[in-house]
**Q** 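The structure is given below, and queries will be raised subsequently.
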Amino acid sequence: MLDPQPARVRFAPSPTGRFHIGGARTALYDFLLARQTGGQFILRIEDTDRKRFVPSAEDEIIESLHWLGLDWDEGPDIGGPYSPYRQSERTDIYRQHAEELVAHGHGYYCFCTPERLSQVRQRQQKLKQPPRYDGLCRKLDIEEARGRIADGESYVIRFKTPREGSTAAVDLLRGPITVENSSLDDYILLKSDGLPVYHLAAMVDDYLMEITHVFRGSEWLPTFPLHVLIYEALNWKQPIWVHLSIFLNPSGKGKMSKRDAGVREIYVLDLKQMGYLPEGLLNWIALMGWSYDDHTEFFTLEDLIEKFSLQKLHPSPAAVDYKKLDHFNGNHIRSLTTSELVDQLRPHFEREGLIVNEEILQEITPLVQERIRTLEEAVEIAGFFFREAPEPEPSELVGKKMTIDESIEAIRRSSEVVESFTTLDVESLEEALRALAEDLGLKAGQLFGILRIAVTGQRISTPLIESMVVIGKEEVLNRIAHALEKLESYTGAT
Ligand code: GLU
C-alpha cells in the first residue's frame, strides 16, 4: 500500500563502534519507507559525543550501507539541501536553539560543578530518592547567570522540565506513553564544552531537516517524553515516532548484547566475510520487527519496497535466529544466476589464497549452488578444485566396514572403470560405478566414500561424480593411482 505523503526519513548513527544488525535494520526500514513513498532517505552522522567517538566508525557505516544496497539521497559524503549532515559541523545551530529555549523560559544555565552534583547524588542515594538534578540553578536570575558566563564561569544548559502535569508521548507501535512530568529530570541539553547531547541535537536536526518519521531503537523510550517536551517548547510539529523492537540473543533469553558477538557475528561487515549475501541479510533483518503475512518469507529488496508497511511493524522483541539467516541466505543464493554467483564466490576462494581457474569456477558453481547456505561453505566443499592434488591419509581410504584389501580392490576396479571411458560424463560414469559397487557386494555409499577421499581429499564435497567429470579423466586416474599406492603400502598401523 502506498503511503500518500513522500516520507523524509533519516538514519542517524553515532560513530561510536562497529556497525551491527540493529543499525542495519533501522536503516532498512528508513530506506523502505523513503523508496516506497517516493521520499528521501537521509544519512546523518551524530558525532557530538567526542569521548565515545571512533574515527573508523563512519567509514564502516558507509561501507556497510553501500554493501547492503541502502543508498541515501542526502548525507555527509554527498551533501544535500540541508547540509551539513555531520552534527559536529552544526554546533552553532544547536547552541542557537539551546539559547532560544532559555530565552523562552524552557531552559536555564546551570553552573553546578561535578563535585556538587556528586554530593547531591550521594544524598539522594542515602535517602533512596531517584538520582536527579536538584534544581538549584533553575531559580537563578537570568541576568545574574549571564554575568557569571561573561566572567568565564563554566556552565551547561538544562531543559526546564515542567514540574506539574503529565506528558503523553505517542509511539506508532505502542500508542500513547504517559508520564508524570515530576518524574522527569532537568536534562542537560548543551554540555560545558559547548557541544549538544543527543536530546537537543537530534530534535533540532529532525525538525530542521523536515523529518516525517523517526525510526529508532527502543533504548530511547525512557527519554521519549523529554523529546516530546522539547518539540512542544519550541512549538514544532512532531514527526511520527517509531521505536523498533529490541533484539534478543539467539537463546531468546535476554537482550542481545555485544557479548553475544563471537557466538555468531552481529557486525554487518563480519557477516559479509562469513559469506552472507546482502539479500539474505536484508531478508532476515526485515522480518525482525515486521511481517508481511504469516507465511511469506522470501523477499528481495524490491519486494520489500513494495510490501513494507508501517501497520505491520510490531514492537515485540525479535530473537536473533542464525538458523533463519542461513535459511534465507541459502534461498537467495539459489535465486542468483550462475554468473552472479560466480562473481560472489570468486573473492571467497581468493581470500583462502586459492588461485581460481575461471573455467572450473563456472563449472562448479551450479554444483555448489544447491547445497550451500553461505558463500564460505562453497570454499569448504569445493576449495579442492583449486588446490594441488590431495594427499589423503591412508586410513581414510579404507571404506566403511571394509578391510584394507577390499578397499584396495575397490580402488583398482574403479580405476579400470574410469579408464574404460574416452571422456567422462555424469550419467554413464555414475551408472558404471554403481554397477561396480554391486559387483563388489558393496553399497554405493561405501565405494563413493573411498573415491571421494581419493579424488577430492575431503569427506564432504561437491557431488562426487560431477566433481570427477570436472576434474577430468586423466587427473582422476592420477589421483586414484596415487591413492592406491598409499593404500598398498598401508598396514593398518596408525
Ligand atoms: N545517534 C543515535 C544512536 O545512534 C540515533 C538515534 C536516533 O535514530 O534518533 O542511537
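Since the structure is predicted, the reported quantities are computational estimates derived from the model, not experimental observations. Ligands are counted one by one from 1 in listed order, and the atoms in each one are counted from 1 as well.
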**Q** Does Thr223 have any side-chain hydrogen bond (donor to acceptor under 3.5 Å, both in side chains) partners at least two apart in sequence or in another chain, and if so, which?
**A** none
**Q** In terms of residue, atom name and distance, what is the protein heavy atom nearest to atom 3 (C) of ligand 1?
**A** Ser14 OG, 3.7 Å
**Q** Please verify whether a non-hydrogen atom of Trp220 lies at under 4.0 Å from ligand 1.
**A** yes
**Q** Between Arg346 and Glu358, does any NZ, NE, NH1 or NH2 come within less than 4.0 Å of an OD or OE carboxylate oxygen?
**A** yes
**Q** Under 4.0 Å from a heavy atom of Glu46: give me the atoms of ligand 1 that qualify, with their elements.
**A** 1 (N), 2 (C), 5 (C)
**Q** Please write down residue, atom name and distance for the protein heavy atom closest to atom 8 (O) of ligand 1.
**A** Arg10 NH1, 2.8 Å
**Q** What residues form a side-chain hydrogen bond (donor to acceptor under 3.5 Å, both in side chains) with Glu153, not counting sequence neighbours?
**A** Arg148
**Q** Got the closest protein heavy atom to atom 9 (O) of ligand 1, with its distance?
**A** Tyr198 OH, 2.4 Å
**Q** Distance under 4.0 Å to a non-hydrogen atom of Arg216: what atoms of ligand 1 satisfy this?
**A** 7 (C), 8 (O), 9 (O)
**Q** Does one side chain, of Arg18 or Ser64, offer a donor that lies under 3.5 Å from an acceptor on the other?
**A** no
**Q** Salt bridge check, Asp171 against Arg216: does any charged N sit closer than 4.0 Å to a carboxylate O?
**A** no
**Q** Just to confirm my output: which protein heavy-atom neighbour is closest to atom 5 (C) of ligand 1, and how far is it?
**A** Ala12 O, 3.0 Å
**Q** Using side-chain heavy atoms (C-beta onward) and a distance below 4.5 Å, is Asp326 in contact with Tyr276?
**A** yes
